[in-house]
Undergrad: 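My questions will all concern the structure given below.
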Amino acid sequence: MIKYNSSKIEKKWQKYWEAKKFYAVKDKATKKENLYFLVEFPYPSGDLHIGHWYAFSVPDIAVRYWRMKGKNVMYPIGFDAFGLPAENAAIKNNLQPEDWTRKNIAYMTKQLKSMGAAFDWSRAVSTMDLDYYKWTQWIFLQFYKKGLAYRAKTFVNWCPKDKTVLANEQVINGCCDRCGTEVVQKEMFQWMYKITDYADKLIDDLEKVDWPKVTKTAQRNWIGRSRGAEIHFLLPNSTETIKVFTTRADTLYGATYIVLAPEHSLITKLTKDQYLDSVSRYLETTKKKSELERLGLEKDPPSHKATEGQGKTGVFTGAYAVNPINNEKIPIWVADYVIGWYGTGAVMAVPAHDERDFEFAKKFKLPMKQVIKELSNMGTSNVPSEHSVSGDSAYEGDGVLVDSREFTGFKSEDAREEIVEKLAKKGLAERKTNYKLHDWVLSRQRYWGTPIPMINCPKCGYKPVPEKDLPVKLPKLDDYKPSTDGRSPLAKAKEWLKVKCPNCGGKAERETDTMDTFVDSSWYFLRYADPHNKKAFADSDKMKNWLPVDLYVGGAEHNTMHLLYSRFFTKAMYDLGLLEFNEPFVVRRNHGIILGPDNQKMSKSRGNVINPDDLVKKYGADAVRMYLAFMGPYEQGGPWNPGGIIGISRFMERVRNLLNRIVKLADTWSKNYREDTSVNNIKSKKESLRFYESAEGNIDLSNIFHKTIKKVSEDIEKLSFNTAVSALMILLNSIQEETTDISPGGFKVTHTKTRGISKPQLETFLRLLAPFVPHLTEELWMNTLGNKKSIHLEKWPEYDPKLIVEETIKLVVQVNGKARDVIEVMAGLDETAAREVALGSENIKKHIAGTEIKKIIFVKNRLINFII
RNA sequence: GGGCGAGUAGCCGAAUUGGUAUAGGCGCAGCGCUUAGGACGCUGUUCCCGCAAGGGAGUGAGGGUUCGAGUCCCUCCUCGCCCACCA
């Protein structure tokens with residue numbers, strides 16, 4: 001056999017497909033429905049890892065399948081080119097970020113092409129291209145006009161190492177998600193996107209999309225909608241009130257003190273003189289605390305366990321507030337367990353019914369008052385509650401109110417309504433919904449990003465760059481390193497900085513912050529529909545052809561970042577009349593992560609990194625693709641099994657040998673021996689030939705063929721690639737059992753079972769394999785079988801439901817639920833006949849002998865169960 | 001602490017949704033390939049008793065529902081991911 005030179009053959013076909021422009025999809029194809037399959041575009045880190053292969057080459061199977069099914073499938077690719085890692089790497093290597101990134105893009109493009117995926121390179125976009133970020137800026141301006149982009153002073157997450165602000169979503173356990181440095185809180189002026197305007201829609205519209213449950217719940221929790229009320233606590237001798245947010249107005253009678261976050265604006269005003277010292281000391285210490293310390297967490301990132309016994313801290317202000325429901329005077333404390341930015345930054349503490357308040361009250365010996373009783377204790381009010389105040393925990397559940405004047409006896413859910421209602425009439429409360437979601441801080445004090453198209457005029461303030469002046473080009477800077485003062489490096493571009501105010505024409509300066517990379521990637525999927533448009537981010541007719549995205553495959557790490565931002569962009573652009581849909585991705589599927597062979601996350605320091613280039617060199621791209629599809633459920637990922645890929649390699653070799661043998665045999669025989677009856681073994685050889693040339697093929701194989709077509713089709717549609725590969729292996733096993741086996745030296749028939757396979761059947765087999773191993777099947781299709789047109793332009797085989805129906809089935813015969821025999825019977829056998837057959841079995845007779853059959857359970861075409 | 005998911009052979013994993021548990025692959029073992037070679041072919045491969053026929057046990061642990069449970073319900077254990085003082 002000729003050795004299969006995978007790298008040579010794969011390159012050959014990649015060039016052929018590219019030259020023929022197979023994958024450059026037209027916006028419209030006659031009589032073909034458009035499908036838009038999207039994978040998350042890669043960050044140009046410089047090297048394609050196995051995870052990229054998993055993310056891109058496996059969905060490519062579905063892309064190729066749907067193309068063969070007659071759809072016009074767009075499968076675009078691009079680069080998320082701006083961002084911190086590129087800039088940091090460039091600093092390290094003493095290069096310009098642009099040069100570093102362009103070099104990586106060039107190299108990764110080469111690597112990506114080696115996958116043999118059906119990417120449409122003619123639509124490739126890169127977020128660092130002027131043509132692209134012009135529109136990132138343009139969209140910013142549209143948002144700005146509608147008040148969806150604004151500048152404000154706010155507490156932000158500041159990474160001291162990367163010297164930039166981070167969005168909330170980019171802070172993991174109080175640390176920078178890029179470098180792991182502990183984040184500090186800083187109050188700064190920042191540009192923000194008003195994503196909070198869309199909080200409700202972002203939650204409610206999750207109903208409309210087919211997304212993984214985890215992603216949906218992650219988004220719901222992240223947005224964190226909670227419905228409750230704001231209650232006003234009065235300050236004696238003052239017109240001011242302290243507003244607190246609560247979801248538990250039913251516990252209002254149990255409020256025994258008020259807690260203000262250290263950031264609360266009223267603290268200095270209301271603190272009594274003799275407490276000023278201790279309060280200001282407390283504020284100082286909290287300021288110095290990191291997020292982690294404030295949470296009472298250990299600093300060690302791996303554990304992050306709550307430190308035992310450390311407990312809560314706080315200080316009394318000397319002031320009191322009046323509970324509006326019962327006019328009780330309760331003390332006002334300051335404690336950092338209350339978060340400044342959430343709700344009103346103040347809470348009413350109900351230690352009897354809230355764990356945190358309980359802990360605090362216990363430590364500072366503050367009173368506790370039980371006002372809720374568990375429902376199970378109803379009617380037995382003399383029995384002390386299990387969760388009495390003197391216990392060691394608070395009762396946080398709903399129940400029945402006690403000690404709450406006219407509301408005593410109310411159920412929690414009713415009391416919540418009634419109490420707020422009563423106070424609202426006096427203007428002392430209002431219903432309120434709060435969200436955990438913050439506005440999205442989009443400005444970054446770094447160089448390598450999209451410049452924010454704003455101008456700061458000393459007279460007129462911030463003014464947008466006129467649209468005609470877009471793009472605001474990112475200037476080349478010799479020293480682009482971040483500065484310690486928090487000012488963006490762009491401030492160093494002295495000439496670039498100077499600009500006329502669009503309002504008054506006076507001297508002004510450009511905004512020097514750049515945008516978060518997540519802004520760039522929040523709309524890239526729109527650009528693919530019309531990537532070369534000079535007049536708009538995308539033409540609306542072209543968008544109609546493709547959008548919204550039909551299937552978006554990517555990693556679960558984007559659940560609360562990219563996927564949330566993209567949805568916000570889509571909704572905001574929809575409201576601006578720029579889009580005709582308000583959800584960007586109809587179907588979303590998360591892929592798993594490939595771990596190292598040691599079941600650990602791949603990392604250089606662990607030395608468990610699998611390099612796809614080496615694998616491609618050794619086994620070929622086809623084998624790598626197919627193995628990744630085969631190794632397990634796609635959503636699950638899992639450890640890389642170094643031995644496993646050999647199985648795929650063997651499978652491919654068997655396919656090759658099968659084709660080569662049969663074609664060679666057929667050729668030789670049709671040329672030399674068709675009419676010759678004198679040669680030994682002529683019968684079986686002739687029979688093989690007859691099968692090969694017959695149109696209907698081997699009837700004995702048609703059942704397995706049609707079953708496989710059905711199975712593989714359904715599995716690909718479900719993205720259940722591993723079981724699809726399995727089915728193909730089973731098919732090959734069946735074919736080989738039924739086919740001529742020839743030794744390499746000659747035409748010796750070694751098996752008696754030989755029945756042969758027809759050319760149409762072989763071709764069907766290759767078509768089924770084409771999405772999985774595009775290069776191998778193309779080689780066999782065009783070279784071995786001599787077809788003129790590419791297999792990737794072929795139609796996907798259809799199955800005939802009639803040929804899937806089994807003639808016989810295996811009837812399982814059970815006695816008392818235990819399988820005792822399996823009998824092959826005609827399909828569709830009814831109970832009476834089945835019982836007769838089953839009772840004929842010796843083994844069944846043995847088990848039933850001497851007893852009476854009490855009951856028979858019969859499942860057609862499956863089993864019969866005798867209960868004795 | 002909360003949420004979600006998972007646990008099946010030596011390993012990766014299947015299982016028509018409640019109907020023969022372990023398909024397919026890896027690994028391992030045996031045999032074959034009238035020249036070698038293997039990324040070749042065939043056969044076997046859950047455990048225990050048995051020459052075999054056959055029987056018993058068996059899907060993290062324990063219990064339940066059912067003629068029948070990997071699948072449904074309850075309790076618990078382990079692992080993974082996400083969130084986390086959000087009032």
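Below, read A as the first sequence line, B as the second, and so on, with proteins coming before strands; counting in each chain starts at 1.
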Undergrad: Quick one: label Ile867(A) by what it contacts on the DNA or RNA (base, sugar-phosphate, nothing), any heavy atom closer than 4.0 Å.
TA: sugar-phosphate
Undergrad: Kindly compute the distance separating CG (Asp715(A)) from CG (Leu728(A)), expressed to the nearest 0.5 Å.
TA: 9.5 Å
Undergrad: Got a salt bridge between Glu653(A) and Arg656(A), using NZ or NE/NH1/NH2 to carboxylate O under 4.0 Å?
TA: yes
Undergrad: Is Gln814(A) side chain donor-acceptor paired with the G19(B) base, going by distance under 3.5 Å alone?
TA: yes
Undergrad: Determine the Euclidean distance between corresponding P atoms of C79(B) and G30(B); express it in Å to zero decimal places.
TA: 39 Å
Undergrad: Can you say whether a donor on the side chain of Lys312(A) sits under 3.5 Å from an acceptor on the base of C85(B), or the other way round?
TA: yes
Undergrad: From the list C83(B), G19(B), C85(B), which nucleotide is the closest neighbour of the side chain of Val859(A)?
TA: G19(B)
Undergrad: Mind checking who U35(B) pairs with, Watson-Crick or G-U wobble, both distances under 3.5 Å?
TA: none
Undergrad: Nearest of C4(B), G25(B), U20(B) to any side-chain atom of Arg654(A)?
TA: G25(B)
Undergrad: Does anything in residues 630-639 of chain A pair up under side chain to side chain donor-acceptor pair (under 3.5 Å), and if so which pairs, sequence neighbours excluded?
TA: none
Undergrad: So if I apply the side chain to side chain contact (heavy atoms under 4.5 Å, CB included) rule between Phe866(A) and each of Asn816(A), Thr851(A), Ile853(A), which one comes out positive?
TA: Ile853(A)
Undergrad: Answer yes if the side chains of Asp821(A) and Asn843(A) hold a donor-acceptor pair under 3.5 Å, and no otherwise.
TA: no
Undergrad: Side chain of Asn641(A) only, please: which of G25(B), A39(B), U20(B) is the nearest?
TA: G25(B)
Undergrad: Let's see if you can work this out: which of C26(B), C4(B), U20(B) has an atom nearest to the side-chain heavy atoms of Lys810(A)?
TA: U20(B)
Undergrad: When we call it a touch if two heavy atoms are under 4.0 Å apart, what does Pro633(A) touch: a base, just sugar-phosphate, or nothing?
TA: sugar-phosphate
Undergrad: Between C73(B) and U16(B), how many Å separate the two C1' atoms, rounded to a whole number?
TA: 24 Å
Undergrad: For Ile730(A), report the nucleic acid contact type (base, sugar-phosphate, nothing); a contact means any heavy atom under 4.0 Å.
TA: sugar-phosphate
Undergrad: Expressed as a whole number of Å, how far does the P atom of G58(B) sit from that of G3(B)?
TA: 33 Å
Undergrad: Looking only at atom P, what distance separates G60(B) and U45(B), rounded to whole Å?
TA: 23 Å
Undergrad: Expressed in whole Å, how much space separates the P atoms belonging to G24(B) and A61(B)?
TA: 26 Å
Undergrad: Taking the C1' atom of each, how far is C33(B) from C40(B), in whole Å?
TA: 8 Å
Undergrad: Thr217(A) near the nucleic acid: base, sugar-phosphate alone, or nothing, with a heavy-atom cut-off under 4.0 Å?
TA: nothing
Undergrad: If you assign each of Met729(A) and His847(A) to its closest nucleotide in RNA chain B, which residue comes earlier from the 5' end?
TA: Met729(A)
Undergrad: Using a cut-off of 4.0 Å on non-hydrogen atoms, how would the nucleic acid contact of Lys432(A) be classed: base, sugar-phosphate, or nothing?
TA: nothing
Undergrad: For nucleotides G54(B) and U66(B), find the distance between their C1' atoms and express it as a whole number of Å.
TA: 28 Å
Undergrad: Quick one: on RNA chain B, does Gly643(A) or Arg248(A) contact a more 5' nucleotide (nearest heavy atom)?
TA: Gly643(A)
Undergrad: Counting the atoms with a prime plus P, OP1 and OP2 as sugar-phosphate, which does Asn843(A) contact under 4.0 Å by heavy atoms, base, sugar-phosphate, or nothing?
TA: sugar-phosphate
Undergrad: Side chain of Asp336(A) only, heavy atoms from C-beta on: which candidate in U20(B), G19(B), C85(B) is closest?
TA: C85(B)
Undergrad: If you only use heavy atoms from C-beta on, which nucleotide in A23(B), A87(B), C4(B) is closest to the side chain of Val338(A)?
TA: A87(B)
Undergrad: Within the structure shown, what part of the strands sits under 4.0 Å from Asn865(A) by heavy-atom distance: base, sugar-phosphate, or nothing?
TA: base
Undergrad: Whether the side chain of Asn861(A) engages the backbone of Gly828(A) through a donor-acceptor N/O pair (distance < 3.5 Å, no angle test) should be reported.
TA: yes
Undergrad: Say you pick atom C1' in A69(B) and the same atom in U22(B); how far apart are they, in whole Å?
TA: 16 Å
Undergrad: Consider the side chain of Thr246(A), meaning its heavy atoms from C-beta on, and name the nucleotide among A87(B), A39(B), G56(B) that approaches it most closely.
TA: A87(B)
Undergrad: Could you tell me whether the side chain of Arg820(A) has a donor or acceptor atom within less than 3.5 Å of a complementary atom in the base of U20(B)?
TA: no
Undergrad: Checking all strands, does Lys213(A) fall into the base, sugar-phosphate, or nothing category for heavy-atom contacts under 4.0 angstrom?
TA: sugar-phosphate
Undergrad: Taking the side chain of Thr723(A) as heavy atoms from C-beta outward, which of A87(B), A14(B), G24(B) is closest to it?
TA: A14(B)
